[in-house]
Amino acid sequence: DVIVRDDVSKLWDEAAITDAHPFAAARHIYFGPMYFRKPLTHFRAGLKIRRPFNSGMFVTDARAWAHGPKDRIQDILAWDETHDFKLFGLQDEPILNLAFTEYFELSARWNRCGYGNQPWVARLLKKPLEDMSVIHWSGGHNKPWSDKTVAYADEWWAYDKGPFTT
């Protein structure tokens with residue numbers, strides 16, 4: 001549910017991935033406790049997510065995962081199971097936000113997200129196309145392939161080449 005409108009080498013140049021910080025993402029407008037099934041009950045745990053990011057588009061060096069992130073993710077999964085947070089309610093996003101609290105922050109142009117939300121939300125999030133390197137129809141409600149009235153659907157359909165045939 002994304003399209004890339006820019007040269008990805010620019011993304012890699014901006015990402016500044018290092019062994020110490022093997023993860024880069026664009027900051028997301030979301031409140032950490034909302035990642036938890038019971039945000040008020042788990043409020044303190046949710047505050048561990050200080051700078052949320054949308055995990056639909058990120059840059060990472062997978063070679064670095066064996067050194068620390070993999071262990072952190074295993075610890076987070078065990079913590080989730082112990083406390084029944086149900087962190088997978090938003091797929092991998094809460095887990096990655098907890099694992100990579102110290103990520104390199106990309107400019108927002110690399111993940112203009114939220115366009116799959118309710119139409120009024122998508123309208124609030126709209127930006128000029130020249131300010132968008134990645135358009136992301138996150139939100140789960142509306143996708144351009146199923147609703148041609150979704151924000152920026154015409155950008156999506158520009159890539160449609162018809163049914164796949166062998």
Is any side-chain heavy atom of [Y] closer than 4.5 Å to one of [X]?
| X | Y | answer |
| --- | --- | --- |
| Glu102 | His21 | yes |
| Asn111 | Leu106 | no |
| Ile95 | Leu77 | yes |
| Leu124 | Trp120 | yes |
| Asn54 | His136 | yes |
| Leu11 | Val59 | yes |

Counting the benzene-type ring for Trp, do Trp110 and Phe53 have ring centres under 6.0 Å apart?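 So the answer is no for these two rings.
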
Indicate yes or no for a side-chain donor-acceptor contact from [X] to the backbone of [Y] under 3.5 Å, with no hydrogens or angles considered.
| X | Y | result |
| --- | --- | --- |
| Thr101 | Leu98 | no |
| Asp147 | Pro144 | no |
| Thr60 | Pro22 | yes |
| Arg72 | Ala99 | yes |
| Arg109 | Glu130 | yes |
| Asn97 | Glu93 | yes |

Shortest non-hydrogen contact between [X] and [Y], atoms and distance:
| X | Y | answer |
| --- | --- | --- |
| Ala26 | Ala108 | CB-CA, 4.2 Å |
| Gly114 | Ser138 | N-OG, 2.8 Å |
| Ser55 | Leu96 | CB-CD1, 3.8 Å |
| Val2 | Trp156 | O-CZ3, 3.9 Å |
| Trp137 | Ala153 | CZ2-N, 4.4 Å |

Hydrophobic clustering (ILVMFWY, side-chain heavy atoms < 4.5 Å, transitive) - are [Y] and [X] grouped together?
| X | Y | value |
| --- | --- | --- |
| Val8 | Ile135 | no |
| Val4 | Met132 | no |
| Leu125 | Met57 | no |

With Lys10, which of Asp7, Asp13, Asp6 fulfils salt bridge (charged side-chain N to carboxylate O under 4.0 Å, His left out)?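 Output: one option passes, namely Asp6.
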
To the closest 0.5 Å, what do you measure between CD1 (Ile3) and CD (Glu155)?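 Atom-to-atom, Ile3:CD1 and Glu155:CD are 5.0 Å apart.
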
Can you tell me how far CG of Asp80 sits from CD1 of Ile73, rounded to the nearest 0.5 angstrom?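 Here the interatomic distance stands at 12.5 Å.
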
Determine, step by step, whether Asp160 and Trp145 satisfy the side-chain contact (heavy atoms from CB on, under 4.5 Å) criterion, reporting the C-alpha distance in whole Å, the side-chain angles of both residues, the deciding distance to 0.1 Å, and the verdict. CA-CA 9 Å; Asp160 183 72; Trp145 55 86; over 6 Å; no

Hey, are Ser107 and Glu14 close enough side-chain-wise for a donor-acceptor pair under 3.5 Å?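 Indeed, the side chains of Glu14 and Ser107 share at least one donor-acceptor pair under 3.5 Å.
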
When you check the side-chain N and O atoms of Arg5 and Ser133, is any donor under 3.5 Å from an acceptor?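 The answer is no; no qualifying pair exists.
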
Tell me, yes or no, whether the heavy-atom count around Asp19 atom CG, taken from other residues, nucleotides or ligands under 6.0 Å, exceeds 12.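 Incorrect, the count does not exceed 12.
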
Has Glu81 got more than 12 heavy atoms of other residues, nucleotides or ligands less than 6.0 Å from its CD?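 It does not: Glu81 CD has 12 such atoms or fewer within range.
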
Geometric cation-pi criterion Lys126 and Tyr115, 6.0 Å radius, 45° cone: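 Relative to the ring axis of Tyr115, which defines the angle, Lys126 lies outside at least one limit.
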
Specify whether Phe23 and Tyr103 have parallel, tilted or perpendicular ring planes, treating 30° as the upper limit for parallel and 60° as the lower limit for perpendicular.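 Perpendicular.
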
NZ/NE/NH1/NH2 to OD/OE distance under 4.0 Å, Lys127 and Asp131: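 Here Lys127 does not pair with Asp131 in a salt bridge, since their nearest N and O are not under 4.0 Å apart.
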
Show, in sequence, the C-alpha distance, side-chain angles and deciding distance for Thr149 and Asn142, and conclude whether the side-chain contact (heavy atoms from CB on, under 4.5 Å) test is met. CA-CA 9 Å; Thr149 66; Asn142 302 296; over 6 Å; no

